[in-house]
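Scroll down for the structure; my scribbles are underneath it.
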Amino acid sequence: MDKLSIVVPCYNEEECVELFYQTASEILKSMPVEPEFLFVDDGSSDGTCAILRRLAKNDTRVRYISFSRNFGKEAALYAGLCGATGDLVAVMDADLQDPPELLLEMYRGIREEQYDCVGCRRSTRKNEPKIRSLFSKFFYKLINSMTDTKIVDGARDFRMMTRQMVDAVLSLRETERFSKELFSWVGFKTKWLEYENIERAKGSTKWSFKKLARYAVGGIESASCAPLKVNLLFCVLCFLVCVGFVIADIVIAAAAGSVSWLFILLPVLFLLAAMLFFGLYMQGEYVKKIFYQVRGRPMFIVKEDEKSVR
Ligand code: UDP
Ligand code: MG
């Protein structure tokens, strides 16, 4: 029988965590798996850890890790994936916004349809503040235009993966993690399940607008070096303005016989600016190479070889 690890990052989820445990346990009873819960308490300041302690005491399938402070959901996810021992690993939020009923369908997707991963995406953003949906949509458009790997709009972190895919994700050792991109970068065959947005069972979202904005900017910075190209854009713009001024100067000189010193100085200044931006762009190209080298992602990930069939 497959062992299924359920990784649950929790930050101040005292109102949800037990409800989550009960609901998921009920669903897991109908599944042909040996479950393992791995809760990661991300430095909660409420009673979350005490509840986890009690759950672990009463149920040997429950494991937990408690951080010394709030390190953020990405760190909690990574710790959870590192600690999970299952043949299959599911990642879920504690607030029941990721419906545990889908676990069975995810399991089937992997074991019957031979997918490596079954992820979930929200087909609607009902019950979410309009401004947040708008920013979200813009964010996915922007990040997808900057990266080679596609990040599905509305994709949640809620997904079930094979051990092979989890190990691939863990082989990416970078500390500035943006999991949505990592899951996509490692490749493998992913099936997407869609469902309508569900409101969290209890409590309120742990993401302030500021935290979310930082997460979005951090995500772009971790996933792509495209913003460095802005220097090239400025270089071209400055050069075009310089050329414009030179042409204007020639026309003025032909018409009036002379050009004021200011009009001679302007194209020189724009040419200088263009040269500086070009220098910055070139530096950026080397920074990009250092970034990729330091990040140390593998050059490829093998899914299968002859040992898999022998
Ligand atoms: N979470 C976490 N650390 C944080 C923020 C959130 O571990 O710093 C957890 C949180 O407890 C929940 C999941 O990440 O299980 C998603 O958070 P939330 O439901 O607040 O986000 P939303 O669904 O509003 O995007
Ligand atoms: Mg939530």
Side-chain angles (χ1 to χ4, degrees), residues 5-24 37-52 55 62-84 89-100 102-103 119-140 143 151-160 175-180 182-183 195-219:
S5 300
I6 302 197
V7 169
V8 193
C10 310
Y11 178 49
N12 291 344
E13 297 284 6
E14 63 180 2
E15 291 174 289
C16 291
V17 76
E18 190 154 8
L19 187 65
F20 169 85
Y21 163 74
Q22 283 161 356
T23 317
F37 287 95
L38 179 50
F39 293 97
V40 184
D41 164 30
D42 183 11
S44 300
S45 52
D46 66 355
T48 305
C49 192
I51 298 172
L52 295 180
L55 291 179
V62 175
R63 295 172 52 212
Y64 73 94
I65 301 168
S66 184
F67 285 174
S68 57
R69 68 164 172 87
N70 180 238
F71 282 95
K73 188 182 173 186
E74 284 295 334
L77 261 181
Y78 181 63
L81 291 181
C82 286
V89 180
V91 177
M92 305 180 73
D93 287 358
D95 57 7
L96 291 169
Q97 274 193 300
D98 298 335
L102 288 179
L103 284 172
C120 282
R121 61 179 295 259
R122 290 184 290 192
S123 51
T124 61
R125 288 183 173 270
K126 201 167 70 173
N127 302 326
E128 196 183 62
K130 280 262 169 319
I131 184 87
R132 193 171 153 173
S133 306
L134 214 72
F135 271 103
S136 233
K137 278 215 162 346
F138 173 68
F139 168 72
Y140 283 109
I143 198 160
I151 300 168
V152 173
D153 182 8
R156 294 192 55 88
D157 288 330
F158 182 27
R159 57 178 63 224
M160 190 185 288
T175 51
E176 297 291 312
R177 298 178 83 80
F178 179 54
S179 291
K180 283 191 174 79
L182 303 186
F183 291 144
Y195 67 94
E196 290 209 349
N197 193 25
I198 302 167
E199 270 189 90
R200 61 158 43 236
K202 287 202 167 91
S204 56
T205 178
K206 305 296 175 278
W207 296 89
S208 61
F209 196 76
K210 195 171 143 199
K211 210 169 165 185
L212 213 56
R214 222 186 301 145
Y215 175 70
V217 173

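Just follow the structure's listing: the first ligand is 1, and inside any ligand the first atom is 1.
For atom 16 (C) of ligand 1, the nearest protein heavy atom (residue, atom name, distance) is D93 OD2, 3.2 Å. Here the protein heavy atom with the shortest distance to atom 19 (O) of ligand 1 is D95 OD2, 2.6 Å. In terms of protein heavy-atom proximity, atom 1 (N) of ligand 1 is closest to Y11 CB, 3.8 Å. Given atom 23 (O) of ligand 1, the protein heavy atom at minimum distance is Q97 OE1, 2.6 Å. Among protein heavy atoms, atom 24 (O) of ligand 1 sits closest to T205 OG1, 2.6 Å. The protein heavy-atom contact nearest to atom 15 (O) of ligand 1 is P9 O, 2.7 Å. Taking atom 21 (O) of ligand 1 as the reference point, the nearest protein heavy-atom neighbour is W207 CD1, 2.9 Å. When hydrogens are left out, the protein atom nearest atom 10 (C) of ligand 1 is E13 OE2, 3.2 Å; that is the closest non-hydrogen contact.
Taking the six-membered ring where the residue is Trp, the centroids of F37 and Y64 are separated by 6.0 Å or more.
Between K206 and K73, every side-chain heavy-atom pair lies at or beyond the 4.5 Å cut-off. D41 has its side chain out of reach of V17: every pair of non-hydrogen atoms, C-beta onward, lies at least 4.5 Å apart.
Residues E74 and S179 have side chains that bring a donor and an acceptor to within less than 3.5 angstrom of each other.
Because its NZ or CZ atom is both nearer than 6.0 Å to the ring centre of F71 and within 45° of the ring axis, R69 counts as a cation-pi partner of that residue.
The pair E13-R200 meets the salt-bridge criterion, with a side-chain N (NZ, NE, NH1 or NH2) lying under 4.0 Å from an Asp/Glu carboxylate O. Checked for salt-bridge contact, D153 and K137 meet the test: a charged N lies under 4.0 Å from a carboxylate O.
The shell of residues lying under 4.0 angstrom from ligand 1, judged by heavy atoms, excludes E199. Using a 4.0 Å cutoff on heavy atoms, K211 counts as a contact of ligand 1.
When the heavy atoms of V17, V40, D42, D98 are ranked by distance to atom 3 (N) of ligand 1, first place goes to D42.
Note on T205: not counted as a metal contact of the Mg ion (ligand 2), no N/O/S atom lying under 2.8 Å. The nearest N, O or S atom of D95 is closer to the Mg ion (ligand 2) than 2.8 Å.
Counting non-hydrogen atoms of neighbouring residues, nucleotides and ligands closer than 6.0 angstrom, the CZ atom of F135 reaches no more than 12 such neighbours.
Considering backbone and side-chain atoms together, A76 places no N or O closer than 3.5 Å to any N or O of ligand 1. Residue G72 has no nitrogen or oxygen atom sitting less than 3.5 Å from a nitrogen or oxygen atom of ligand 1, judged on distance alone. At under 3.5 Å, a nitrogen or oxygen of K206, whether backbone or side chain, sits near a nitrogen or oxygen of ligand 1.
Without hydrogens or angle criteria, N70 side chain to D42 main chain gives a donor-acceptor distance under 3.5 Å. With D93 contributing its side chain and D98 its backbone, the two residues share no donor-acceptor pair below 3.5 Å.
Each of the following atoms of ligand 1 lies closer than 4.0 Å to a heavy atom of R132: 22 (P), 24 (O), 25 (O). Near C10, meaning under 4.0 Å from any of its heavy atoms, are these atoms of ligand 1: 7 (O), 11 (O). Listed by number with element, the atoms of ligand 1 under 4.0 Å from a non-hydrogen atom of A94 are 15 (O).
Here the rule is side chain to side chain contact (heavy atoms under 4.5 Å, CB included) with R156, and of R121, Q97, K180 only Q97 fits it.
Note that the CD1 atom of I6 and the CG atom of L103 stand 5.0 Å from one another [nearest 0.5 Å].
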